[in-house]
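The structure appears below as structure tokens.
Excluded from the calculations below are hydrogen atoms, water molecules and symmetry mates; all remaining heavy atoms, backbone and side chain alike, are included.
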2 protein chains.
Amino acid sequence: MAEPMYRVIAMELLDEIKTGTLEPGGQLPTELELRTRHQASRNTIRDAVKWLTNRGLVEKKPGKGTFVVERIDPYVTTLSSGTQASLSGVEDEGWAAEVEGRGRTATTSAPRVEVLEAPPRIASRLRVPEGSEVVTRRQERYIDRTPWSLQTTAYPMEYVRRGAADLLRAQPVPGGTISYLRRTLGLEQVGHRDRILLRAPREEEARFLRLPDDNRVWVVSVIRTCYAAGDDGPVPLRVTFTVLPADRNQFVIDSGQVPEDIPGPAID
Amino acid sequence: MAEPMYRVIAMELLDEIKTGTLEPGGQLPTELELRTRHQASRNTIRDAVKWLTNRGLVEKKPGKGTFVVERIDPYVTTLSSGTQASLSGVEDEGWAAEVEGRGRTATTSAPRVEVLEAPPRIASRLRVPEGSEVVTRRQERYIDRTPWSLQTTAYPMEYVRRGAADLLRAQPVPGGTISYLRRTLGLEQVGHRDRILLRAPREEEARFLRLPDDNRVWVVSVIRTCYAAGDDGPVPLRVTFTVLPADRNQFVIDSGQVPEDIPGPAID
DNA sequence: GCAAATTTGTTCGTATGTATT
DNA sequence: CAATACATACGAACAAATTTG
């Protein structure tokens, strides 16, 4: 009796899920059925199902039953750029085009514009004093009608004072912000640095992305700092924070000469 | 009575963890103590602590107690390359150097060499027939003595027949495999494509990486396909699978002109 | 090295509340 | 409103891991 009963039951259900006896979206036997089938108390059955729930294999719906989770078709974002630095995957200008190019539907909310005193994570990346004013533009993005990512881009408030007034308008900047900043301020983007990190979603993120309220599904946080040419090397131009659910996103980074096909989702 | 009791208790403990009243590594009150403190049954207390456990905030050690988890100093891997394609972060030649350059200690196990019939995930990437022979070289990597990543690289068996015999030796290839393949077979690497995907760890991976046996901590799977120049565009040279725990790894990708500092761990 | 004490792990039983159909 | 199914809560007992005397 090395293996506790709840685990034996969990393993049996796991096996049925893996082999496809229980299909994705299908309903598990109810707690009562499992109880009679395994001659166990209801609490033991609940422990077994809990084991599966904690691993994200099944979902419980109060009043309905327990169901095998359905996998979402992953979306692939291109982070590399090669020649066309301005068109790569996470930025507003290129995002919708890339999504539609993959035969999926992209929707973006109108940007929510805020002026705030730069918190450390923005100030340090833009190399402006902490507490100095910055403009943030925040968008909610959908792919195929499902909430997909949250993106916030921050610019020094100085840009607005110098003439880039459209940064404050709660509308997409026509032609994209990159070319807008070039036209109005002569700022030319020459490179960018992406950071990828993984963490549990914040409350607000979990709500928009409809993630389960335990923190089982993490998010990928992509922080892109864009640089313009400066006298003393590249200087920060803007910084973009993108948050995507880890369970339905993949990333591709090309370097040097690679095949030209558009990479689809991979399995490993 | 909107909030169930076990959640109230969980929130109170969560607060103590967040504010630092309970320090990382510190012990929580025992179930008995919490029971008397909150006038609740032991099962209710256990539900509360379970809530924290499921979120990865505390760890239970049978016979000892419950403890606040300690965060691991994240390691930053560079995936971009710019000019020095052969030196970037996930490949054997550059890995140890990059780790030591960050002031940490890198250790690598001797490669475990296998000859096997190519499974689909390798065959399709190397563009060899499924079931044809390939050589895989697998290494376990440590940073600061803790298990950090598992890496497997696959080459077509044809390379060995054409003279790259050292691929079969269970030892590091002196000077690195890239230059070895160039010297022996004239194969020149001209680019690579990285894919980043996230998934639950396999049993074997969880064991080596010492991940909790629930699948709370996911792994980042980095699949790098390296290409050589061919008559009809780039042709696959080798493919490398790297698996790293998602809770202690970050990635940096540079593109174009960016500052030259070595990026440390970021917080978001 | 063994025994006792402490602490978490598993399992049963029972009762009542809440959400959905 | 009733039936179904999951959620929360109580109490009790024994098992297993760890530390301490």
Side-chain angles (χ1 to χ4, degrees), chain A residues 1-14 16-17 22 25-70 210 212-216, chain B residues 1-14 16-17 22-23 25-70 207 210 212-216:
Chain A
M1 212 156 304
E3 197 84 341
M5 194 190 305
Y6 81 97
R7 283 180 70 104
V8 174
I9 299 169
M11 290 310 176
E12 188 177 312
L13 289 166
L14 175 64
E16 292 186 65
I17 292 169
L22 287 167
Q27 184 174 4
L28 261 67
T30 67
E31 292 178 352
L32 194 62
E33 287 173 309
L34 287 171
R35 206 186 128 162
T36 58
R37 183 196 292 185
H38 290 97
Q39 295 296 311
S41 85
R42 193 175 154 230
N43 282 338
T44 303
I45 297 298
R46 282 178 66 74
D47 281 346
V49 178
K50 186 111 194 156
W51 191 90
L52 296 168
T53 312
N54 286 338
R55 264 143 257 254
L57 299 166
V58 302
E59 274 176 334
K60 312 183 87 163
K61 299 181 185 174
K64 295 182 75 175
T66 308
F67 301 85
V68 183
V69 298
E70 299 186 75
R210 302 198 203 302
D213 66 338
D214 53 6
N215 285 351
R216 201 173 50 250
Chain B
M1 211 157 309
E3 198 83 341
M5 193 190 305
Y6 80 96
R7 284 179 68 107
V8 174
I9 299 169
M11 291 311 178
E12 188 176 313
L13 288 167
L14 175 62
E16 292 185 64
I17 292 170
L22 287 167
E23 288 174 33
Q27 184 173 5
L28 263 67
T30 68
E31 293 177 352
L32 194 63
E33 287 173 310
L34 288 171
R35 206 186 127 162
T36 56
R37 182 197 294 183
H38 290 97
Q39 295 296 311
S41 84
R42 186 172 162 231
N43 282 337
T44 302
I45 297 298
R46 282 178 65 76
D47 280 347
V49 178
K50 186 108 194 157
W51 191 91
L52 297 168
T53 312
N54 286 338
R55 266 143 255 258
L57 299 166
V58 302
E59 275 177 332
K60 311 185 85 164
K61 299 181 185 175
K64 296 181 75 174
T66 307
F67 302 84
V68 183
V69 297
E70 297 186 77
R207 200 170 41 241
R210 303 198 204 299
D213 67 338
D214 53 5
N215 286 350
R216 199 175 51 252

If you count heavy atoms of other groups shown closer than 6.0 angstrom to CD of B:Gln27, is the number above 12? yes
So, is B:Arg46 close to the C:dT8 phosphate, meaning a side-chain N or O under 4.0 Å from OP1 or OP2? no
Only one of B:Leu13, B:Thr53, B:Leu52, B:Leu28 passes side chain to side chain contact (heavy atoms under 4.5 Å, CB included) with B:Thr66; say which it is. B:Leu28
Rounding to a whole Å, what distance do you find between B:Lys61:NZ and D:dT18:P? 10 Å
Check the distance between D:dG11's P and B:Asp47's CG and give it to me in whole angstrom. 14 Å
Nearest-nucleotide 5' precedence on DNA chain C, B:Asn43 against B:Leu28: B:Leu28
Close side-chain approach of B:Val58 and B:Ile17, heavy atoms under 4.5 Å: yes
Taking only N and O in the side chain of B:Lys64, is any of them less than 4.0 Å away from OP1 or OP2 of D:dT19? yes
Would you say A:Thr66 reaches D:dC6's phosphate, i.e. side-chain N/O to OP1/OP2 under 4.0 Å? yes
I'd like to know if B:Glu31 pairs up with B:Lys60 as an ion pair, taking the criterion as any Lys NZ or Arg NE/NH1/NH2 lying under 4.0 Å from an Asp or Glu carboxylate oxygen. yes
Indicate, yes or no, whether a donor-acceptor pair under 3.5 Å links the base of C:dG9 to the side chain of A:Arg7. no
Within the structure shown, what part of the strands sits under 4.0 Å from B:Ser41 by heavy-atom distance: base, sugar-phosphate, or nothing? base
Rounding to a whole Å, what distance do you find between B:Ile45:CD1 and D:dA9:P? 10 Å
Compare the minimum distances between each of C:dT20, C:dT8, C:dT11 and the side chain of B:Lys60, then state the nucleotide with the smallest one. C:dT8
Can you check whether B:Arg216 reaches A:Asp214 side chain to side chain, under 4.5 Å on heavy atoms? no
Rounding to an integer number of Å, can you tell me how far B:Gln27 CD sits from D:dT18 C1'? 12 Å
Using atom CZ of A:Phe67 as one end and atom C1' of D:dC6 as the other, report the distance to the nearest whole Å. 11 Å
Distance, rounded to the nearest Å, where A:Gln39 contributes CD and C:dG13 contributes P: 10 Å
Presence of B:Thr30 side-chain N/O under 4.0 Å of C:dT6 phosphate oxygens OP1/OP2: no
Which nucleotide in the list D:dA9, C:dG9, C:dT11 gets nearest to the side chain of B:Pro62? C:dG9
Write down the distance between CD (B:Glu59) and P (D:dT18), rounded to a whole number of angstrom. 14 Å
Whole-Å distance separating the CD atom of B:Glu3 from the P atom of C:dT18: 13 Å
For the base of D:dA7, is there a side-chain donor-acceptor partner from A:Arg42 under 3.5 Å away? yes
